[in-house]
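Sequential numbering from 1 along the given sequence is applied to the chain's residues.
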Amino acid sequence: MESVNIDDFKITSKISLKDARTKMVIDNADKEIEDIRKKLGDIQDTMYAHGKYAVLVCLQGMDTAGKDSLIREVFKDFNARGVVVHSFKVPTELELRHDYLWRHYVALPERGKFSVFNRTHYENVLVTRVHPYYILGENIPTVNSVEDVNDAFWDKRFEEINNFEKHIAENGTIIFKFFLNLSKDEQRDRLLRRLDKKEKNWKFSPGDLKERKLWDEYQKCYEDAINRTTKPHAPWYNIPADDKDSARYIVAKIMYETLKEYTDIKEPELDDDIQENLKMYIEQLKNE
């Protein structure tokens, strides 16, 4: 089994995506994950009782990168009340009446819980950067034409995102940001499988092919976003995504190895009065 050191995936300096790994095959990854995800579920139970930390898991990647199936497999052993998944698609009319971060603020996890963002606030510097005319739909006072969506605009938006993450981290949210790094060839194969298998046809949209033609532009925007926003309190991890089982295992291992270092996360102790009378309460119930 290929060794997995979680620090090998953390992005701590400038990254070039064309040189970043997209494939790593771990023997029996589908079995190895079973123990880790159970331990993650146990950690979440303790976090819920502790009530001081929340966990935000951000998943970004090109179409077919495996976000949905990763969520299904990594969080399978969680208490259903302990994890909430949010899939951010095209903003609704209500969401467009607020600033672009509003819908992400209201979806943040409560203390003791996990929130998974399947596509995230980074869509606001990815898809909108590839298609800047989308910004016009946000009705920002200082943006009247695409020409106003310039370098200064993006600099400010990255600053706002960094401030958003710093604020929630300082208030008890542990942030994981995973870029599921898929190769262009593997995406082609997965799109073909969607078309070849009748039960997968519903996942396909002609728009997938239009966006695929913009692959290089997306890679450029991903690289810039990652390099501008990987921080000690909110690091990005490059996850080789060509092998789905291995990608899921790596994500689970990173979360588990990181969270177990929070040694202050413990179940609260009983009040002295309750502790002293435990035997009495037990006897009362037994004698009913």
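K23 NZ: 12 or fewer foreign heavy atoms inside a 6.0 Å radius.
No path of Ile, Leu, Val, Met, Phe, Trp and Tyr side chains, each step under 4.5 Å between heavy atoms, connects I15 with L180, placing them in separate hydrophobic clusters. By the criterion of side-chain heavy atoms lying less than 4.5 angstrom apart, applied directly or through intervening Ile, Leu, Val, Met, Phe, Trp or Tyr residues, I11 is grouped together with F179 in one hydrophobic cluster. V55 and I33 end up in the same hydrophobic cluster when Ile, Leu, Val, Met, Phe, Trp and Tyr side chains are linked at under 4.5 Å. If you chain together hydrophobic residues whose side chains sit under 4.5 Å apart, L56 and V85 never meet in one group. Cluster membership check: I175 does not share its hydrophobic cluster with I43, using side-chain heavy-atom separations under 4.5 Å among Ile, Leu, Val, Met, Phe, Trp and Tyr.
Here the side chains of V4 and F9 are in contact, with some heavy-atom distance below 4.5 Å. At a threshold of 4.5 Å between non-hydrogen side-chain atoms, the residues W154 and T128 count as touching. Inter-residue side-chain proximity for K113 and Y48 is flagged as met; some heavy-atom pair is nearer than 4.5 Å. Annotation: side chain of Y249 is not in contact with side chain of D30 (no heavy-atom distance under 4.5 Å). A heavy-atom distance below 4.5 Å is found between the side chains of I161 and Y100. Contact of the D77 side chain with the L40 side chain is not registered, since no non-hydrogen atoms from C-beta on lie closer than 4.5 Å. Contact annotation: the side chain of I250 never approaches that of Y237 to less than 4.5 Å [non-hydrogen atoms, C-beta and beyond]. The closest side-chain heavy-atom distance from C58 to W236 is not below 4.5 Å.
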As a quick check of understanding, evaluate side chain to side chain contact (heavy atoms under 4.5 Å, CB included) for I168 and H104, giving each step before the final call. CA-CA 12 Å; I168 64 175; H104 306 289; over 6 Å; no
Evaluate side chain to side chain contact (heavy atoms under 4.5 Å, CB included) for V143 paired with E138, printing each intermediate quantity in order. CA-CA 9 Å; V143 177; E138 297 182 18; over 6 Å; no
Kindly indicate, with the supporting measurements, whether the criterion side chain to side chain contact (heavy atoms under 4.5 Å, CB included) is fulfilled by W215 and Q187. CA-CA 10 Å; W215 180 276; Q187 189 198 55; 3.6 Å; yes
Intermediate values then yes/no, side chain to side chain contact (heavy atoms under 4.5 Å, CB included), R188 and R212: CA-CA 9 Å; R188 174 182 175 273; R212 179 173 165 80; 3.3 Å; yes
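In this view, T46 satisfies the side chain to side chain donor-acceptor pair (under 3.5 Å) rule with no residue, not counting sequence neighbours. By the side chain to side chain donor-acceptor pair (under 3.5 Å) test, T12 is found to be paired with no residue, residues two or more places apart in sequence or in another chain being considered. In terms of the salt bridge (charged side-chain N to carboxylate O under 4.0 Å, His left out) criterion, D243 has no residue partners (sequence neighbours excluded). With sequence neighbours left out, N28 forms a side chain to side chain donor-acceptor pair (under 3.5 Å) with no residue at all. Residues forming a side chain to side chain contact (heavy atoms under 4.5 Å, CB included) with K197 (at least two apart in sequence, or on another chain): E199, K200. Every residue meeting the side chain to side chain donor-acceptor pair (under 3.5 Å) condition with Y53, not counting sequence neighbours, appears here in chain and number order: D264. H98 meets the ring pair (Phe, Tyr, Trp, His ring centres under 6.0 Å) test with W102; sequence neighbours excluded.
Taking the six-membered ring for Trp and thresholds of 30 and 60 degrees, Y222 and Y218 have ring planes inclined between 30 and 60 degrees apart. Ring-plane geometry between F117 and H86 is classed as perpendicular, the angle between the planes exceeding 60 degrees on a 0 to 90 degree scale with a lower cut at 30. The aromatic rings of F114 and F78 lie perpendicular to each other, with more than 60° between the two planes, well past the 30° mark.
Atom CG of N181 sits about 7.5 Å away from atom CD1 of I226, to the nearest 0.5 Å. Atom CD in E223 sits 5.0 Å away from atom CG in L17 (nearest 0.5 Å). Note that CG of D196 and CG of L192 are 6.0 Å apart. Values are rounded to the nearest 0.5 Å. Between the CG atom of L108 and the CG atom of N171 there is a distance of 10.5 Å, given to the nearest 0.5 Å. To the nearest 0.5 Å, atoms CD1 (I71) and CG (N118) are separated by 4.0 Å. One distance of note links OG1 of T120 with CG of L126; it measures 7.5 Å at 0.5 Å rounding.
Residue pairs meeting the salt bridge (charged side-chain N to carboxylate O under 4.0 Å, His left out) criterion with at least one partner in residues 120-136, sequence neighbours excluded, are R119-E123, R129-D224. Counting only residues at least two apart or on different chains, the salt bridge (charged side-chain N to carboxylate O under 4.0 Å, His left out) pairs with a member in residues 90-102 are E93-R97, E95-R103. For residues 160-173, the pairs satisfying salt bridge (charged side-chain N to carboxylate O under 4.0 Å, His left out) are E165-K177, with sequence neighbours left out. Residues in residues 147-156 take part in these salt bridge (charged side-chain N to carboxylate O under 4.0 Å, His left out) pairs, two or more places apart or across chains: D155-R228, K156-E159.
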Could you go through residues 251-260 and list every donor-acceptor pair under 3.5 Å that involves a side-chain atom there, pairing it with any protein atom two or more places apart or in another chain?
residue : atom : partner : partner atom : Å
K253    : NZ   : E257    : OE2          : 3.4
E257    : OE1  : K260    : NZ           : 3.1
T258    : OG1  : I254    : O            : 2.7

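Considering every non-hydrogen atom in both E110 and A54, the closest pair reads O-CB, 3.3 Å. Taking both residues in full, the closest heavy atoms of V125 and A225 are given as CG2-CB, 4.3 Å, listed atom of the first, atom of the second, then distance. Across all non-hydrogen atoms, the minimal contact from P235 to K10 is CB-CG, 4.0 Å. Nearest heavy atoms, S115 versus A107: OG-O, 3.3 Å. Between N162 and K231, the closest heavy-atom pair is OD1-CE, 3.7 Å. The nearest pair of heavy atoms linking I26 to S246 is N-OG, 2.8 Å.
Ionic pairing of E73 and K76 is present here: one or more N-O contacts between side-chain nitrogen and carboxylate oxygen are shorter than 4.0 angstrom. Using a 4.0 Å cut-off between charged side-chain N and carboxylate O, D42 and K38 make a salt bridge. Using a 4.0 Å cut-off between charged side-chain N and carboxylate O, R190 and E186 make a salt bridge. Remark: D35 engages K39 in a salt bridge, criterion side-chain N to carboxylate O under 4.0 Å. Between R248 and D245 there is a salt bridge, with a side-chain nitrogen of the basic residue lying less than 4.0 Å from a carboxylate oxygen of the acidic one.
Between the side chain of Q60 and the main chain of F178, no donor-acceptor pair closer than 3.5 Å is present. Between the side chain of D242 and the main chain of M24, no donor-acceptor pair closer than 3.5 Å is present.
Of the options M280, K286, Q284, a side-chain contact (heavy atoms from CB on, under 4.5 Å) to I282 is made by K286 and by none of the others.
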